[in-house]
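Beneath this line is the structure, given in structure tokens, with notes to follow.
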Amino acid sequence: MDRRQLKTRKAVFDAFEKLISEKKYVDITVKDIIDAADIGRTTFYAHFKTKESVLEELCADLFDHIFDKHLTEEHTHDFSKSGHSEKHMLTHILYHLKEDKERYGRLFTGESADIFWNRFGALFREHLKDQISCGAWKSPGKLPVDLYESLYISSFIEIAKWWFKHSCEESPEQVESYFEDLL
């Protein structure tokens, strides 16, 4: 993406995040997002089809980065040599949630937080299935795969919610170890 496209996406994401911290998701319209982002309708629709696609892209950005095959060293952490291990990928997710605490905090605490967590869970499930099927992450053992995935994802989400309620005081590594202890 070129610089203008990135700037537009950021403006739309910022506007959406601000709106969702003030209103219920169902009450937000595309016009609200366009007005808050201070962009034209044509510009919005060149990037997104609906308000649902804004939420989808917002969540997808996080997972696309975390599960990218070619990770690079980042300012606050380096998982480029982690081999995409389960422990490192979960910790990586937590680093990004913490680094963007203000951004994600608005999504996590607003009246529409469940919509975000459901989308987060659905995207996580896609990656979890891939990791389990290729043998990179823990197998479900004797549990039915779909039950294991549901328990795994809901447990991770509940730990992330707990962590945010406590202002992300613990390190991502410590929070990931709580998750390991749980499973």
Side-chain angles (χ1 to χ4, degrees), residues 1-84 88-131 153 156-157 160-161 163-164 167-168 171-172 175:
M1 264 187 253
D2 71 23
R3 223 173 32 150
R4 288 177 297 144
Q5 291 171 315
L6 291 172
K7 184 179 175 184
T8 299
R9 282 176 62 89
K10 181 178 179 347
V12 169
F13 287 160
D14 288 348
F16 179 78
E17 292 161 17
K18 182 179 183 311
L19 288 165
I20 207 160
S21 68
E22 299 168 352
K23 299 169 98 171
K24 290 181 181 177
Y25 177 77
V26 295
D27 295 334
I28 298 171
T29 65
V30 168
K31 183 179 180 338
D32 293 334
I33 298 169
I34 289 168
D35 292 346
D38 196 26
I39 60 172
R41 289 181 64 79
T42 306
T43 302
F44 177 86
Y45 286 112
H47 295 271
F48 303 98
K49 293 179 179 160
T50 62
K51 73 175 181 183
E52 289 79 12
S53 64
V54 174
L55 179 60
E56 177 76 23
E57 290 284 326
L58 188 63
C59 296
D61 279 357
L62 172 65
F63 284 99
D64 289 348
H65 167 72
I66 302 297
F67 290 94
D68 188 333
K69 300 228 185 286
H70 306 289
L71 293 174
T72 58
E73 183 175 344
E74 297 178 68
H75 178 67
T76 58
H77 57 274
D78 181 12
F79 291 99
S80 62
K81 296 171 184 66
S82 70
H84 286 77
H88 290 113
M89 294 297 95
L90 294 173
T91 305
H92 196 178
I93 291 168
L94 294 168
Y95 263 99
H96 283 282
L97 292 177
K98 185 174 184 172
E99 286 173 4
D100 287 333
K101 185 167 90 171
E102 184 179 321
R103 174 188 203 191
Y104 290 114
R106 290 187 294 225
L107 295 170
F108 296 170
T109 58
E111 289 185 41
S112 304
D114 287 343
I115 293 168
F116 173 80
W117 284 117
N118 288 339
R119 198 63 221 124
F120 181 96
L123 287 167
F124 193 3
R125 182 177 303 272
E126 292 172 25
H127 290 289
L128 179 61
K129 281 181 180 184
D130 290 344
Q131 296 301 316
I153 291 165
F156 187 80
I157 287 172
K161 286 179 182 179
W163 190 41
F164 267 78
S167 302
C168 300
S171 71
V175 175

Give, for atom [atom1] of [X] and atom [atom2] of [Y], the distance between the pair rounded to the nearest 0.5 Å.
| X | Y | atom1 | atom2 | result |
| --- | --- | --- | --- | --- |
| Phe16 | Leu58 | CZ | CG | 7.0 Å |
| Thr50 | Tyr45 | OG1 | OH | 8.5 Å |
| Lys18 | Lys23 | NZ | NZ | 10.5 Å |
| Phe44 | Lys31 | CZ | NZ | 13.0 Å |
| Glu17 | Ile33 | CD | CD1 | 11.0 Å |

What pair of heavy atoms forms the shortest contact from [X] to [Y], and how long is it?
| X | Y | answer |
| --- | --- | --- |
| Ser171 | Trp163 | C-CZ2, 4.4 Å |
| Lys101 | Ser167 | NZ-O, 3.1 Å |
| Gly40 | Ile34 | C-CG2, 4.1 Å |
| Leu123 | Ala60 | CD1-N, 3.5 Å |
| Phe164 | Leu97 | CZ-O, 3.3 Å |
| Trp117 | Ala160 | CH2-CB, 3.9 Å |

Mark yes or no for whether [X], through its side chain, and [Y], through its backbone, hold a donor-acceptor pair below 3.5 Å.
| X | Y | result |
| --- | --- | --- |
| Thr8 | Arg4 | yes |
| Gln5 | Asp2 | yes |
| Asp32 | Ile28 | no |

Please state whether the rings of Phe124 and Phe120 are parallel, tilted or perpendicular, taking 30° and 60° as the class boundaries.
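Phe124 vs Phe120 ring planes: perpendicular.
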Sub-4.5 Å side-chain heavy-atom contact between [X] and [Y]:
| X | Y | result |
| --- | --- | --- |
| Val54 | His47 | no |
| His96 | His77 | yes |
| Leu94 | Phe156 | yes |

On the six-membered ring of Tyr25, is Lys51 placed so that its NZ or CZ lies under 6.0 angstrom from the centre and within 45° of the ring axis?
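Relative to the ring axis of Tyr25, which defines the angle, Lys51 lies inside both limits.
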Is Asp14 paired with Lys10 through a side-chain N to carboxylate O contact shorter than 4.0 Å?
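A salt bridge is present here (some side-chain N lies under 4.0 Å from a carboxylate O).
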Within the supplied structure, the quantity of interest is the number of heavy atoms (other residues, nucleotides, ligands) at a distance under 6.0 Å from Lys7 NZ; does it exceed 12?
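No, NZ of Lys7 has 12 or fewer neighbouring heavy atoms, counting only those of other groups under 6.0 Å.
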For the residue pair His92 and His88, confirm or rule out a side-chain donor-acceptor distance under 3.5 Å.
no
Run the side-chain contact (heavy atoms from CB on, under 4.5 Å) test on Ile20 and Phe116 for me, step by step, so that the C-alpha distance in whole Å, both residues' side-chain angles and the decisive distance to 0.1 Å come before the verdict.
CA-CA 10 Å; Ile20 207 160; Phe116 173 80; 6.0 Å; no
